[in-house]
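Chain A is the first sequence line, chain B the second, and so forth, proteins listed ahead of strands; every chain is numbered from 1.
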Amino acid sequence: METTDTNQTFAAYDSKIEGNVIITKVDAAMNWMRKNSMWPMPMGLACCAIEMMAAACSRFDLSRFGMEVMRFSPRQADVMIVSGTVTYKMALAVKRVWDQMPEPKWCIAMGACASSGGMYRSYAVLQGIDRLIPVDVYISGCPPRPEALIEGLLKLQRKIEGTDAVMEQKKELLEDLA
Amino acid sequence: MSAEDLDVLKKEFAAEVIGTKEFRGEHTITVSLAALYDVLAYCKNSLGYNFLLDISSLDHFGDDPRFEMVYELATVDDKKHLRVKAPVGEEESVKSAVDLWLAADWHEREAYDMMGINFTGHPNMKRILMWEGYPFFPLRKDFPLAGRPSDMPDVAFTGVAPLEGGPFVTSCGTDDVVRREPRARDQK
C-alpha cells in the first residue's frame, strides 16, 4: 500500500504486520540468540558434576534459560562447564575437547577445584583450568549449589549481551583470517 | 587362630622370620625378602588365607633397607586376618604374588607406580595411576608435597602446586577452636 503525496512516496504503516517487526542492531540480535540458547558441554570430573546434573533436572531446571541441552559432543556445544578436579592426566583431554568446540565458545570453571585446584595442592592436580583454557566465569563453592551454577550461567548471559558478536566472540576465526 | 598361625609360620620358616607382633587382636609377621614369596604361598596353600585384602608399601627414608612391603591376608569367611611384612632394599625387587592371588596385579602396579618398588614375574608391570613416562615416584618421602615439573608432549605435564606457606595442618585433640584452626607447619 502506498500513498502518493504531491512530490514524495512513503511506505505506509501496515497494520497487518504490526508487532512482527523489530528494529535492532545485528550485534544485539545475534547476542540475544546466542545467550538464550547456550548448549553446555558438561565436563564432569568430580562431585561438582552431581550439582551440575541437579541444576539440569526438574527441581532447578536449566531449560528455563535455554541451557538444558547438554551436548556430549563438543562440536555441538557453546559453553564448557568444567565441574570438578582437573588432574594432570585429564588436563590435555579437557584441552582437546575445548579445541574441538566451534566458536563462539565460553568456559565456566565450576567450583574450587576447577578454579584454582581447590584443596588439592598436590603433584597430581592442575592448579586451575585457566592455566590451559580461557575462563569466562568462575563459580565459588565446594561444590557450588545448583543455584550458584545458574547464577554463573546468568552472569555469562550478561557478559554475552555486552560483547561484540563478531570481534570479541570469534577471536580464533579472526586470528585465522589475519 | 591367627596367633596359632604365627607359631606355625615361626616353626616352618624359623631362620627367615624377623619378628612377630600382636596389637589389639591383629597379628603381624615380618619375614626376610628372600622368604616372602614362600611364606605367602604357605599362608595361602596350607593355612587357608585365600583372600588378599591389600598390598601396600612403606618408605622408611633414611633407613636401610629403605622400603617395606605389607600384605594383608584374610580368609573369605573373615575368620582370621594376618599381616605379612618384608623389608625391601632400594636395589632389590620383590617376587610377584599374582600367581597366588590375582588381586595382587593392580596392587603391585600401584606399589611400583607410587613407590618405585620393582616386581619380578608380574604379567603387566607398568604404571597404573600416573602415565607411562612420568619420571618420578610421588609417594616417596623425598618427593616434595607440591610436586615436580615434568612434561611429556601430547601425553601430560605436571607443575609445582603453590603451597603458600602450607601444608596447613590442624591440631587434633585441642578444645580451643583458635588453636585447632589449620596452620602452616615448618617443612624440613
Checklist outcome for this item: Of all heavy-atom pairs linking B/I117 and B/S57, the shortest is CD1-CB, 3.6 Å
Checklist entry - Quick one: what part of B/F136 sits under 4.5 Å from any heavy atom of chain A, side chain, backbone, both or neither? => result neither
Checklist outcome for this item: Correct closest heavy-atom pair for A/V86 and A/A91 would be CG1-CA, 3.9 Å
Checklist entry - At their closest point, which heavy atom of A/C48 faces which heavy atom of A/G84, and how far apart are they? => result CB-N, 3.8 Å
Under 3.5 Å, sequence neighbours excluded: what are the donor-acceptor pairs made by side chains of residues 13-25 of chain B?
| unit_1 | atom_1 | unit_2 | atom_2 | d |
| --- | --- | --- | --- | --- |
| B/E16 | OE1 | B/S32 | OG | 2.6 |
| B/E22 | OE2 | B/G25 | N | 2.8 |

Next on the checklist: If you count every heavy atom of other residues, nucleotides or ligands that lies below 6.0 Å from A/M119 atom CE, does the total exceed 12?
Outcome noted: no
Checklist entry - For B/Y49, is the NZ or CZ atom of B/K44 found under 6.0 angstrom from the centre of its six-membered ring and inside 45 degrees of the ring axis? => result no
Item to check | Over 12 foreign heavy atoms within 6.0 Å of CD, B/E91 | outcome: no
Cross-chain donor-acceptor list, chain B and chain A, 3.5 Å limit, no angles:
| unit_1 | atom_1 | unit_2 | atom_2 | d |
| --- | --- | --- | --- | --- |
| B/L129 | O | A/K89 | NZ | 2.6 |
| B/G159 | N | A/Y88 | OH | 3.0 |
| B/P162 | O | A/R121 | NE | 3.1 |

Next on the checklist: Counting only non-hydrogen atoms closer than 4.5 Å, does B/P162 touch chain A with its backbone (N, CA, C, O), its side chain (CB onward), both, or neither?
Outcome noted: both
